[in-house]
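Note that ligands are numbered from 1 as they come in the structure, with each ligand's atoms numbered from 1 the same way. For the numbers below, each heavy atom of this structure counts, side chains included, while hydrogens, waters and symmetry mates do not.
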Amino acid sequence: MLKNKTALVTGSTSGIGLGIAKALAQQGAHIVLNGFGDADGPKSEISALGVEVDYHGADMSKPDEIEAMMAFAAQRFGGVDILVNNAGIQHVARVEDFPVERWDAVIAINLSSAFHTTRLALPAMRKANWGRIINVASVHGLVGSAEKSAYVAAKHGVVGLTKVTALETATTGVTCNAICPGWVLTPLVQKQVDAKAAALGISNEAATQKLLGEKEPSMQFTTPEELGALAVFFCSPAGNNVRGVAWNMDGGWAAQ
Ligand code: NAD
């Protein structure tokens with residue numbers, strides 16, 4: 001379905017981003033990976049799916065590096081047809097204790113990076129009259145949780161950016177939507193499970209159950225594969241007129 005399209009997925013060396021990159025590659029899209037850590041493993045996993053894959057290590061907190069990444073994608077693949085803004089970090093602290101430097105980093109990586117990639121990708125998408133922008137927000141783009149001020153502010157911002165981008169492209173073949181996962185067991189969440197286990201002196205298993213039980217009625221994690229399938233739907237012809245939605249996959253979290 002996505003043969004001859006190129007997808008750039010930020011933060012795709014791990015977790016949800018890698019899951020979405022694989023799902024898009026399974027539909028035939030060439031992939032530009034981005035993110036920190038090992039890139040060779042993810043590159044060979046994608047390459048095994050029979051598509052072209054390359055990697056750019058831009059730091060999503062740095063607009064000049066984001067510009068270099070978008071220029072790299074244009075040069076290597078002729079442009080970006082599908083942009084998935086996924087890179088993100090978390091920091092947990094009460095507002096009055098929140099380190100200013102962590103606030104700035106969360107806003108830069110989780111929110112401003114999506115503005116930069118979007119503004120740089122849109123001209124070519126408009127010209128081609130086809131494009132898909134998928135913003136990985138969070139259920140925290142819809143509701144709040146204590147001690148996550150920067151993350152919740154950034155994710156609400158991403159949902160707002162999604163709506164405005166969708167409105168500005170509404171009469172074109174470009175769509176923009178957000179995905180709002182609840183808990184997904186990735187390194188980002190494993191850190192929170194570990195912190196809970198240490199703080200309460202309980203086992204990893206008990207901390208996992210507690211984490212799910214506090215927020216997620218289904219008591220189960222959403223998987224990167226499920227999120228990848230939703231991204232594929234947004235890219236399909238059935239998604240042509242799906243614009244500006246913030247679609248939660250959260251085990252009932254936001255329904256409460
Ligand atoms: P993860 O830690 O597994 O992956 C994050 C990715 O972003 C990694 O590839 C990492 O290298 C990359 N990254 C981090 N900082 C970066 C930077 N400055 N520049 C470039 N890349 C950077 O986390 P994840 O859980 O897969 O999170 C992916 C996205 O999904 C995030 O936006 C997160 O907020 C969102 N999300 C996660 C969950 C969850 O439960 N895991 C729930 C809702 C939303």
Side-chain angles (χ1 to χ4, degrees), residues 8-23 31-43 45-46 55-70 84-92 101-102 104-114 116-117 134-145 148 150-159 161-162 178-194 196 208 211-212 214-216 218 220-228 230-231 246-251 253-254:
L8 184 150
V9 186
T10 69
S12 47
T13 47
S14 134
I16 295 169
L18 182 55
I20 292 177
K22 281 192 206 161
I31 303 291
V32 182
L33 293 170
N34 157 262
F36 298 150
D38 170 46
D40 290 339
K43 253 177 107 172
E45 283 183 57
I46 301 278
Y55 165 78
H56 194 282
D59 180 338
M60 287 299 113
S61 68
K62 304 208 163 100
D64 56 332
E65 293 190 23
I66 295 173
E67 285 187 21
M69 178 184 72
M70 298 304 284
V84 182
N85 290 308
N86 167 78
I89 58 167
Q90 175 64 282
H91 187 85
V92 180
E101 161 277 319
R102 288 285 84 199
D104 288 342
V106 171
I107 298 297
I109 296 165
N110 296 19
L111 173 59
S112 301
S113 72
H116 292 298
T117 52
I134 300 169
N135 294 324
V136 180
S138 165
V139 67
H140 284 122
L142 306 170
V143 298
S145 287
K148 294 188 175 174
Y151 189 87
V152 170
K155 295 300 188 181
H156 274 68
V158 167
V159 171
L161 175 66
T162 301
I179 295 179
C180 299
W183 292 123
V184 186
L185 194 55
T186 65
L188 183 139
V189 164
Q190 189 59 52
K191 276 184 215 155
Q192 294 174 62
V193 172
D194 294 346
K196 199 175 270 298
T208 303
L211 186 101
L212 285 169
E214 281 164 6
K215 299 282 183 181
E216 192 141 333
S218 68
Q220 69 189 41
F221 291 104
T222 301
T223 66
E225 290 74 22
E226 288 162 351
L227 296 163
L230 179 54
W247 189 319
N248 35 325
M249 257 200 182
D250 63 355
W253 183 326

Can you sort out which atoms of ligand 1 are near [X], meaning under 4.0 Å from one of its heavy atoms?
X: Pro187; result: 3 (O)
X: Asn34; result: 20 (C), 21 (N)
X: Ile89; result: 14 (C), 15 (N)
X: Gly88; result: 5 (C), 7 (O), 31 (C), 32 (O)
X: Gly15; result: 3 (O), 26 (O)

Just checking, is any N or O donor in the side chain of Thr10 or Asn86 under 3.5 Å from an acceptor N or O on the other one? no

Return the closest protein heavy atom for [atom] as residue, atom name and distance.
atom: atom 31 (C) of ligand 1; result: Asn86 O, 3.1 Å
atom: atom 18 (N) of ligand 1; result: Asp59 OD1, 2.9 Å
atom: atom 26 (O) of ligand 1; result: Ile16 N, 2.8 Å
atom: atom 16 (C) of ligand 1; result: Phe36 CE1, 3.5 Å
atom: atom 42 (C) of ligand 1; result: Gly182 O, 3.0 Å
atom: atom 27 (O) of ligand 1; result: Leu188 CD1, 4.1 Å
atom: atom 24 (P) of ligand 1; result: Thr186 OG1, 3.4 Å
atom: atom 40 (O) of ligand 1; result: Val184 N, 2.7 Å

If you take the nearest heavy atom of each of Ala87, Pro181, Gly57, Gly37, which one is closest to atom 13 (N) of ligand 1? Ala87

So which of Ala58, Gly11, Ser113 gets nearest to atom 20 (C) of ligand 1, if we judge by its closest heavy atom? Ala58

Using a heavy-atom cut-off of under 4.0 Å, does the side chain or the backbone of [X] touch ligand 1, or both, or neither?
X: Lys155; result: side chain
X: Val189; result: side chain
X: Leu185; result: neither
X: Ile109; result: side chain

Heavy-atom contact under 4.0 Å between Tyr151 and ligand 1? yes

Does at least one non-hydrogen atom of Ala108 fall below 4.0 angstrom from an atom of ligand 1? no

If you measure from [atom1] on [X] to [atom2] on [Y], what distance do you get to the nearest 0.5 Å?
X: His116; Y: Glu67; atom1: NE2; atom2: CD; value: 8.0 Å
X: Ser138; Y: Tyr151; atom1: OG; atom2: OH; value: 4.0 Å
X: Leu227; Y: Thr222; atom1: CG; atom2: OG1; value: 6.0 Å
X: Asp250; Y: Ser218; atom1: CG; atom2: OG; value: 8.0 Å
X: Lys155; Y: His140; atom1: NZ; atom2: NE2; value: 10.5 Å
X: Ile109; Y: Ser61; atom1: CD1; atom2: OG; value: 5.0 Å

So among Asn85, Asn34, Val84, which one has a side-chain contact (heavy atoms from CB on, under 4.5 Å) with Thr117? Asn85

Would you say [X] and ligand 1 have an N/O pair spaced under 3.5 Å apart?
X: Thr13; result: yes
X: Trp183; result: no
X: Gly35; result: no
X: Asn110; result: no
X: Gly17; result: no

Any Ile20 side-chain heavy atom under 4.5 Å of Ser12 side chain: no

Main chain of Asp38, side chain of Thr13: is a donor-acceptor contact present, judged purely on distance under 3.5 Å? no

Donor-acceptor pair, distance only, cut-off 3.5 Å: does the side chain of Asn135 make one with the backbone of Ala137? no

Carboxylate-amine/guanidinium proximity below 4.0 Å for Glu214 and Lys196: yes

Asp59/Lys62 ion pair, N-O < 4.0 Å: yes

Determine the minimum heavy-atom distance between Ala231 and Ile179, stating which atoms define it. N-CD1, 4.2 Å

Return the orientation label for the Trp183 and Trp253 ring planes: parallel under 30°, perpendicular over 60°, tilted otherwise. tilted

